[in-house]
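Notes for the one structure printed next.
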Amino acid sequence: MIAYDPFVTQEAMAAYGVEKVSLEEAFQQGDYISYHLPLNAKTEKLLDEKLFNLTTKVPIFINSSRGGVVSEDALYHALTNGQLSYAILDVLTSEDPDLKNEKLLSLSNTILTPHIAFYSQEAFIQGAEDNFKNLANFLNGKYKEAEIVNASAIEKRYPND
């Protein structure tokens, strides 16, 4: 298995039997390209025509993170010119796409799901357990142990806890 992550060391990956490669090498060598990136100014349309042009194995492309990270025009082109064999998409750039006119959906080698890749019985249970644990920590004054969305506001309000 190979992976690209600018924030994870080669040693950490090796501990799990993963070889760290560059983003370009991942596209060159991958049989499957599955990415898990947040959408921000640095990642917007990061996966573009330049990277799709590097594919050599006609990989399957999987997007279960954010739609805006991939250039959908470049993805469409890669799917129609044989650079990718399939695309499995859980998201598109638009949160409310016009499904009748979405050109990626016109392709027989593309599957789209309604942003539910995270959903499983286990994920639902884990989410509920995490929420209750965080709520209990907060109500019991264990502010630092609670995973709080706005931790800096809590730090200002309860600096010594």
Side-chain angles (χ1 to χ4, degrees), residues 1-132 134 147-153:
M1 183 179 299
I2 62 173
Y4 165 74
D5 189 321
F7 305 106
V8 178
T9 67
Q10 183 172 341
E11 295 77 24
M13 286 190 187
Y16 293 95
V18 177
E19 177 187 351
K20 183 172 182 164
V21 297
S22 69
L23 183 58
E24 292 77 12
E25 289 171 316
F27 273 76
Q28 290 169 340
Q29 299 173 29
D31 294 306
Y32 296 85
I33 298 171
S34 178
Y35 71 93
H36 310 272
L37 301 169
L39 177 60
N40 58 44
K42 290 184 179 182
T43 63
E44 186 171 9
K45 295 191 180 180
L46 175 68
L47 308 181
D48 60 10
E49 189 171 6
K50 179 185 89 171
L51 290 170
F52 290 127
N53 285 338
L54 297 174
T55 61
T56 59
K57 295 185 172 186
V58 194
I60 294 173
F61 184 80
I62 303 166
N63 178 3
S64 59
S65 63
R66 296 289 177 243
V69 176
V70 63
S71 164
E72 289 176 1
D73 288 336
L75 176 60
Y76 180 86
H77 187 255
L79 286 162
T80 57
N81 73 10
Q83 291 170 298
L84 297 173
S85 58
Y86 292 94
I88 303 168
L89 310 173
D90 191 46
V91 292
L92 294 171
T93 299
S94 171
E95 290 288 330
D96 187 23
D98 178 0
L99 297 178
K100 291 181 181 178
N101 295 309
E102 175 54 57
K103 64 183 181 178
L104 284 167
L105 292 181
S106 70
L107 302 176
S108 62
N109 58 347
T110 301
I111 297 170
L112 177 66
T113 58
H115 202 36
I116 59 168
F118 75 95
Y119 189 77
S120 67
Q121 184 173 359
E122 294 81 5
F124 180 78
I125 291 169
Q126 182 68 50
E129 288 173 350
D130 289 348
N131 284 329
F132 282 117
N134 288 330
E147 295 179 22
I148 299 169
V149 174
N150 192 351
S152 63

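Small disclaimer: the values here were computed from a predicted structure and weren't measured. Worth knowing before you read on, the calculation uses all heavy atoms, side chains too, and leaves out hydrogens, waters and symmetry mates.
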Practice item. Mark yes when over 12 heavy atoms from residues, nucleotides or ligands other than Y35 sit less than 6.0 Å from its OH; otherwise mark no. Key: yes
Considering all heavy atoms of both residues, which atom of [X] and which atom of [Y] are nearest to each other, and what is their separation?
X: G30; Y: P59; value: O-CB, 3.3 Å
X: D90; Y: L112; value: C-CD1, 4.4 Å
X: Q83; Y: T55; value: O-OG1, 3.0 Å
X: S106; Y: Y76; value: OG-CE1, 4.3 Å
X: F27; Y: L51; value: CD2-O, 3.4 Å
X: V21; Y: A26; value: CG2-N, 3.8 Å

Can you give each donor-acceptor pair under 3.5 Å made by side-chain atoms of residues 66-74, sequence neighbours left out, with the distance rounded to 0.1 Å?
| unit_1 | atom_1 | unit_2 | atom_2 | d |
| --- | --- | --- | --- | --- |
| R66 | NH1 | H115 | NE2 | 3.2 |
| S71 | OG | A74 | N | 3.2 |
| E72 | OE2 | T93 | N | 2.5 |
| E72 | OE2 | T93 | OG1 | 2.9 |
| D73 | OD1 | K103 | NZ | 3.0 |

Calculate, to the nearest 0.5 Å, the distance between atoms [atom1] and [atom2] belonging to [X] and [Y] respectively.
X: L104; Y: L99; atom1: CG; atom2: CG; value: 11.5 Å
X: K57; Y: Y32; atom1: NZ; atom2: OH; value: 11.5 Å
X: Q28; Y: S22; atom1: CD; atom2: OG; value: 6.5 Å
X: K45; Y: D48; atom1: NZ; atom2: CG; value: 10.0 Å
X: T56; Y: D31; atom1: OG1; atom2: CG; value: 8.5 Å
X: E25; Y: E19; atom1: CD; atom2: CD; value: 7.5 Å

Are side-chain heavy atoms of [X] and [Y] found at a separation under 4.5 Å?
X: T113; Y: L89; answer: no
X: L47; Y: I33; answer: no
X: L84; Y: I60; answer: no
X: I2; Y: V18; answer: no

If only atom types and distance count, is the side chain of [X] paired as donor or acceptor with the main-chain N or O of [Y] below 3.5 Å?
X: T43; Y: P38; result: yes
X: K20; Y: D5; result: yes
X: N63; Y: S34; result: no
X: N131; Y: N134; result: no

Review point. Does F61 have its ring centroid less than 6.0 Å away from the ring centroid of F52?
Key: yes
Review point. With no hydrogens and no angle check, do the side chains of N40 and E44 hold a donor and an acceptor under 3.5 Å apart?
Key: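 No, E44 and N40 have no side-chain donor paired with an acceptor closer than 3.5 Å.
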